[in-house]
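To start, the structure itself, in structure tokens.
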Amino acid sequence: MTYAVDTFPACFDIHVSPQDITGEIQRGVFDSLVFEDVDGKFHPWLATRWEVADDLTSYTFHLREGVTFTDGTRFDAEAVKANFDHIVSADTKSQFAIALLGPYKGVEVVDPLTVKISFSKPFAPFLQAASTAYLGFYSPKALADSVDKFCGGGPALVGTGPFSVQSITQNQGLTLVKNPDYDWAPETAAHRGPAYLDRLEIRLLPEASTRLGALTSGQVDAARSIAPTNVAAVRRTPGLEVISQQAAGAPYSLYLNSRKAPFDDLRVRQAFQLAIDIETDVKTVYFGEYDRAWSPLSPTTPSYNAKLENSWPFDQDKANSLLDEAGWTGRDADGYRTKGGQRLSVLWPALPAQYVREQRDVLGQAIQADLKKVGIELAHPVIEVGESQTKSLEGAYHVLDFQWARFEPDVLRLFFNTASLPPAGQNASFISDPRLDEWTNTGATTLDKAVRDDVYGQAQQRVIDLALTVPLYVSSTLLGVADRINGLDFDPNTWVSWYDAWRDRA
């Protein structure tokens, strides 16, 4: 099977990379302790059963016998410990997996097939985190011998999954081949034993028109991220269909750096938030395939606060009033607001691949035009990965954009808790707010649905009230698939699963 994607990971190391595409590609190579279904229920995978301490400070897993990595190394409690030690090591420089471990304390090897994972305080989101590829497991031999090769991808990435990496050509594609010994899929899978596919070719085709052409001409069997403008064309093409699933987690949003002037002024952030005609922009660019977002969580995420819908509509007049109150009353020759001779200009850096993904460049131009109407200049230059990472860690920007696939409201802790400030976490708004800390910490210490709905609901409302983010659209994975392909499925994170997929020989 040949599968086209619109972007490649900047780093293929699951313990380092925060990118969704890393999670999707590596899901076929790395298994997890538990499997989460689309209803949020957990099932055995590499662990056959587990016990959770009453106070949620430890989780004890009983591991499956007979599991091996594709290099022949045995999967056991020592392998679990080696991987978790690797994640929390300062040398790893984890950008996401370490945050999934929260108040991690350590791993105790109880016996060869029993492992106890402890936390310094109650940590309810751990089972969901443990179901993701980011807390998947490398062969201890690979950890010892090849860790410096993980980011680059390739055969050094040794897991227990239904596929292994045969080869990689940077910025072009990679080849996964079937693990013939695989026999430990979750009970929810449609079959047992090895994957049906002998080989999976993943091709990088960044341009939407190129992916469309490759799909409609039969050069690829399936293509991810079909542009909404192309969905109708795919549906009209005999032998093709579009399958979709709305993503859980954080919708595609703009995050405003509350520590950097002029966004250290709440009124300016609120004006920025209200001046964008999100409804019109999203509908125009995405032809109704994506819904406008209202919350820092998407509607399919547990504890989503539906009360935010329609609560902060486009209001150009109010935006102008807020900017006047903030003292940005002057205008320069280009029509932008000024104060003390300084233009009201904010920086939104973009990565080359992310800039064109899902027509975000077009959406960005519409946003720039909206903001200019109230006198805000939004600079949106394309910069290289290294420079972007430096600017992000240093907070040398005003706006960052991203979305985050995770079927768990704990993403609010990762994005808005003081403990998640860079460089340790993903708090791109650089906010340190006692209420957000209290609510997201409480949510992370309980499995009580009513309590979680309450605290996460309040947290979502406060994030919007503080104008820390501008949620733009709720992305749906739009997958163009040839009818010769069967059994493709999505997991709760909206990543495609290839294990049960097969291709008709005809």
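Position 1 is the first residue of the sequence; numbering continues from there. None of the values given here were measured: they were computed from a predicted structure. Side chains included, hydrogens not; waters and symmetry mates left out as well; all remaining heavy atoms used.
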Determine, for [X] against [Y], whether the closest basic-nitrogen to carboxylate-oxygen distance falls under 4.0 angstrom.
| X | Y | result |
| --- | --- | --- |
| E36 | R406 | no |
| D433 | R462 | yes |
| R267 | D265 | yes |
| D334 | R343 | yes |
| R413 | E438 | no |

(Q) Testing the basics here: between T92 and V16, what is the closest heavy-atom pair and its distance to 0.1 Å? (A)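 Closest approach of T92 to V16: O-CG2, 3.4 Å.
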Q) Closest heavy-atom contact between L371 and A275? A)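 Shortest heavy-atom contact: CD2-CB, 3.9 Å.
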[Y] side chain reached by [X] side chain, heavy atoms, under 4.5 Å:
| X | Y | answer |
| --- | --- | --- |
| I202 | F8 | yes |
| H398 | S258 | no |
| P228 | L478 | yes |
| W312 | Q273 | yes |
| F430 | L421 | yes |

Partner set under ring-ring contact (aromatic ring centres under 6.0 Å, His included) for [X], not counting sequence neighbours:
| X | result |
| --- | --- |
| F407 | none |
| W439 | none |
| Y290 | Y286, Y473 |
| F490 | none |

Does any donor atom in the side chain of [X] or [Y] lie under 3.5 Å from an acceptor atom in the other side chain?
| X | Y | value |
| --- | --- | --- |
| S497 | D489 | no |
| E309 | Y304 | yes |
| Q460 | S295 | yes |
| R452 | T442 | no |
| T440 | N417 | yes |

Please work out which of the three classes, parallel, tilted or perpendicular, describes the rings of [Y] and [X], given edges at 30° and 60°.
| X | Y | value |
| --- | --- | --- |
| F123 | F119 | tilted |
| W45 | F35 | perpendicular |
| Y255 | F402 | parallel |

More than 12 non-hydrogen atoms from neighbouring residues, nucleotides or ligands closer than 6.0 Å to [atom1] on [X], yes or no?
| X | atom1 | value |
| --- | --- | --- |
| K307 | NZ | no |
| R435 | CZ | no |
| Q342 | CD | no |
| D55 | CG | yes |

Q: Given ring pair (Phe, Tyr, Trp, His ring centres under 6.0 Å), test F263 with F272 step by step and report yes or no.
A: CA-CA 9 Å; F263 282 157; F272 184 98; 5.3 Å; yes
Donor-acceptor pairs under 3.5 angstrom involving side-chain atoms of residues 318-329: please list them, not counting sequence neighbours.
residue: N320; atom: OD1; partner: R337; partner atom: NH2; Å: 2.8
residue: N320; atom: ND2; partner: Q316; partner atom: O; Å: 3.3
residue: D324; atom: OD1; partner: R337; partner atom: NH1; Å: 2.8

Q: Output every pair passing side chain to side chain donor-acceptor pair (under 3.5 Å) with a member in residues 9-20, not counting sequence neighbours, ordered by first then second residue.
A: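 Checked against side chain to side chain donor-acceptor pair (under 3.5 Å) - neighbours excluded - the pairs reaching residues 9-20 are D13-Y138, H15-H86, S17-T22.
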Q: Could you go through the side-chain hydrogen bond (donor to acceptor under 3.5 Å, both in side chains) check for S303 and D453 one step at a time?
A: CA-CA 5 Å; S303 300; D453 288 350; 2.7 Å; yes
